[in-house]
Visitor: 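Just dropping this structure here.
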Amino acid sequence: MTELNRFSKTLTQEVTNPAAQAMLYGIGLKEEDLAKPQVGIASTGYEGNPCNMHLNGLSVYVKQGVTANNMVGLIFNTIGVSDGMTNGNDGMRYSLPSRDIIADSIETVVSAQWYDGVIAVVGCDKNMPGAVMAMARLDRPAIMVYGGTIRSGHYKGQKLDIVSAFEALGKKFANNISDEDFKGVIQNSIPGQGACGGMYTANTMAASIEAMGLSLPFSSSYPATHEGKQEECKKIGAAMKKLLELNLTPKDIITKKSLENALTVVMALGGSTNAALHYLAIARSAGLPLTLDDIQEISDRVPFIADLKPSGKYYMEDLLGIGGVPAVMKYLYSKGLIHGECLTVTGKTLAEDLAEAPDLNFENQKMVLPLETPIKPSGHIQIMYGNLTPNGAVAKITGKEGMTFDGEAKVCEHESEIITMLSKGEIKAGQVVVIRNSGPKGGPGMSEMLKPTSAVMGAGLGDKIALITDGRFSGGTHGFVVGHITPEAFDGGPIALVKDGDRITIDANTRQLTLHISDEEMAARKALWVQPAPLFTKGMLGRYIRTVKSASEGCVTDEA
Ligand code: FES
């Protein structure tokens, strides 16, 4: 076992730090334990969010599996922020920054404590990219365990999830729901533990990280309360042992090709636009080149085939019934869309893993369609450019809302304004609603727009207006939306210069976002523009404003 104990031996066998040895005895280890590999088990568990409430319990199962395989498992916690609970309020400013705090804190504990490997038990949107960024930085054997998707809620015969709650608000504005039913939806949308149940950001990241090779097969498919989730946790110890024996590290697993596999699964499943942001960041943490244009290239060749929420009919819990993510990947691999030679945390190639996966049956299910008859022949994530977004933006175009939108700008200086405008009937069909000052620096924290977009849907305007922003969208967002506009308004990007009534065209065919004013008018407006003072100069958000890169650079915070 000594050769497995590459890092922690500094604290133990070589007796370079007797205090460390004494402390290890102090936490209850025996002499024979000191020669064993030490595995950090990073949990983002906390009580205040359904996505995270069960993760500390799952970590105990993980520890049992680690101990059973003659290693020392040491649980530690890092933070989490609930996107569902922060959407639409100032707490959302902390959501994206929480990804980097998670990455920093896992890097810090594993490096400082000299753990030989790390297992991250994670559940909510930012937990997963944060954990994977840390794994890439650390490059020690690592496995991610997803806490699992939530089961659907039910009210009056309808299946519900978190988006149902937001859309109920829009229905309330439009007087389309009774007080009793509004309360019924709110009280029954979330039946217990697990991450938000559609192909929203958490399930998108879980599925694609499994495709990238950093989770065991089916990790993204078992719901939080499924018995398979506990079984997975108990199997992790054996998998970690094998990774240590093989010295197989994240940089062996995270490669340009495995990033392409991850993004291929995002496109096929109709995943969240946040995946673009997070994979740009994960690639940078791994020292790999990945650009918005690479993401577009994958979108160009991978059809959107899964009828999952938010734009579709089915929930993530339903996917397990047709073979889960492994069955989808096996199908994509059979069609030449997945690189099978990539290594995974099983210690095998992805092709070897997929050989054991079930087959998709197109006769008995309509949830995942054949590539020949897709929902959309290319990916729904489209990278936009144009005079409104010279450095790129990320659009979600499923095709269900059409491919072009042309309308007059209605400017909101803050996302909260759209709720007020909606309640006063000031948002009209045909408008392009511009929500600015929501970027990584200007927000700060690049807030998600789930509350505005859900309220728009609930008000019956979902297919009648478009929404563009330098903020982000929740994975739960659907409709004609363009986000991640760069440069952001805080940096003087053209989005800062839009005025009410300007004509804007979103063309998903040419991938151009155009503000119909002359170059001279644009220059004249820019000459009058004054950069706003940062909303925060101290504390975490003050530091975030000073360190965060643009959305087109993944909003990373650890680069000069
Ligand atoms: Fe955690 Fe939605 S709030 S996944």
Side-chain angles (χ1 to χ4, degrees), residues 43-56 58 78-99 101-102 120-132 144-153 159-169 185-186 189-210 215 219-225 229 266 269-275 277-278 308-310 315-317 319 325 445-451 453-454 472-478:
S43 169
T44 54
Y46 65 99
E47 291 181 339
N49 190 33
C51 321
N52 301 74
M53 62 189 279
H54 59 306
L55 301 183
N56 288 343
L58 293 181
T78 177
I79 66 152
V81 166
S82 166
D83 287 81
M85 294 172 72
T86 55
N87 248 301
N89 62 57
D90 287 347
M92 177 43 80
R93 288 179 172 139
Y94 289 86
S95 170
L96 184 59
S98 77
R99 179 194 73 181
I101 294 173
I102 291 166
V121 185
V122 286
C124 197
D125 294 14
K126 308 304 171 297
N127 297 188
M128 285 170 271
V132 172
M144 191 192 87
V145 180
Y146 179 42
T149 188
I150 198 170
R151 301 283 191 180
S152 51
K159 277 189 167 187
L160 304 173
D161 71 355
I162 183 66
V163 177
S164 315
F166 280 113
E167 291 187 355
L169 179 66
V185 170
I186 303 301
S189 292
I190 303 295
Q193 52 196 244
C196 295
M199 189 43 66
Y200 312 146
T201 304
N203 283 324
T204 298
M205 294 310 296
S208 55
I209 288 167
E210 181 180 325
S215 297
S219 183
S220 61
S221 304
Y222 293 130
T225 53
K229 186 50 68 183
V266 172
L269 294 179
S272 163
T273 49
N274 282 316
L277 194 64
H278 297 323
L308 295 166
K309 284 185 174 295
Y315 292 87
M316 187 68 178
E317 63 175 352
L319 197 59
V325 170
M446 203 180 176
S447 293
E448 286 185 351
M449 301 294 151
L450 181 59
K451 191 170 177 182
T453 55
S454 297
R472 298 180 292 130
F473 294 108
S474 158
T477 291
H478 53 133

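Both counts, for ligands and for their atoms, begin at 1 and track the order of listing.
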Visitor: Check ligand 1 against Ala202 and write out every atom of the ligand that is under 4.0 Å from a heavy-atom position of the residue.
Guide: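 Counting atoms of ligand 1 from 1, those under 4.0 Å from Ala202 are 4 (S).
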
Visitor: Which is it for Ile150 and Ile190 under the side chain to side chain contact (heavy atoms under 4.5 Å, CB included) test, yes or no, and what are the steps along the way?
Guide: CA-CA 8 Å; Ile150 198 170; Ile190 303 295; 3.5 Å; yes

Visitor: Kindly indicate whether the side chain of Lys126, heavy atoms from C-beta on, has any atom under 4.5 Å from the side chain of Ser95.
Guide: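 Yes; the side chains approach each other to less than 4.5 Å.
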
Visitor: Using a 4.0 Å heavy-atom cut-off, which part of Cys124 comes near ligand 1: side chain, backbone, both, or neither?
Guide: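 Cys124 to ligand 1: contacts from backbone and side chain alike.
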
Visitor: What I'd like to find out is whether the side chain of Glu448 reaches to under 4.5 Å of the side chain of Asp83, using heavy atoms alone.
Guide: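 When only atoms from C-beta onward are counted, Asp83 and Glu448 do touch, with a gap below 4.5 Å.
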
Visitor: Hey, are Asp161 and Tyr200 close enough side-chain-wise for a donor-acceptor pair under 3.5 Å?
Guide: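 A donor-acceptor contact under 3.5 Å links the two side chains.
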
Visitor: Pick one of side chain, backbone, both or neither for how Cys51 approaches ligand 1, counting any non-hydrogen atom pair under 4.0 Å.
Guide: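 It is the side chain that touches ligand 1; the backbone stays farther off.
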
Visitor: If the cut-off is 4.0 Å to any non-hydrogen atom of Cys196, which atoms of ligand 1 fall inside it?
Guide: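 Selected atoms, number and element: 2 (Fe), 3 (S), 4 (S).
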
Visitor: Tell me whether ligand 1 is touched by Ile162 - counting only heavy atoms on the residue side and a distance under 4.0 Å.
Guide: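 No, Ile162 has no heavy atoms under 4.0 Å from ligand 1.
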
Visitor: So, do Asp125 and Met205 sit near enough that their side-chain heavy atoms are less than 4.5 Å apart?
Guide: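 A side-chain contact under 4.5 Å is absent here.
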
Visitor: Name the closest protein heavy atom to atom 4 (S) of ligand 1, giving the residue it belongs to and the distance to 0.1 Å.
Guide: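 Minimum-distance protein heavy atom for atom 4 (S) of ligand 1 reads Asp125 OD1, 3.1 Å.
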
Visitor: In ligand 1, which numbered atoms sit nearer than 4.0 Å to a non-hydrogen atom of Asp83?
Guide: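 Heavy-atom distances to Asp83 below 4.0 Å select 3 (S).
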
Visitor: State, yes or no, whether a side-chain contact exists between Lys229 and Ser219 at a heavy-atom distance under 4.5 Å.
Guide: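 Side chain of Lys229 against side chain of Ser219, heavy atoms only: contact under 4.5 Å found.
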
Visitor: Can you tell me which residue and heavy atom of the protein come closest to atom 3 (S) of ligand 1, and the distance to 0.1 Å?
Guide: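 Ranked first by proximity to atom 3 (S) of ligand 1 is Gly84 N, 3.1 Å.
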
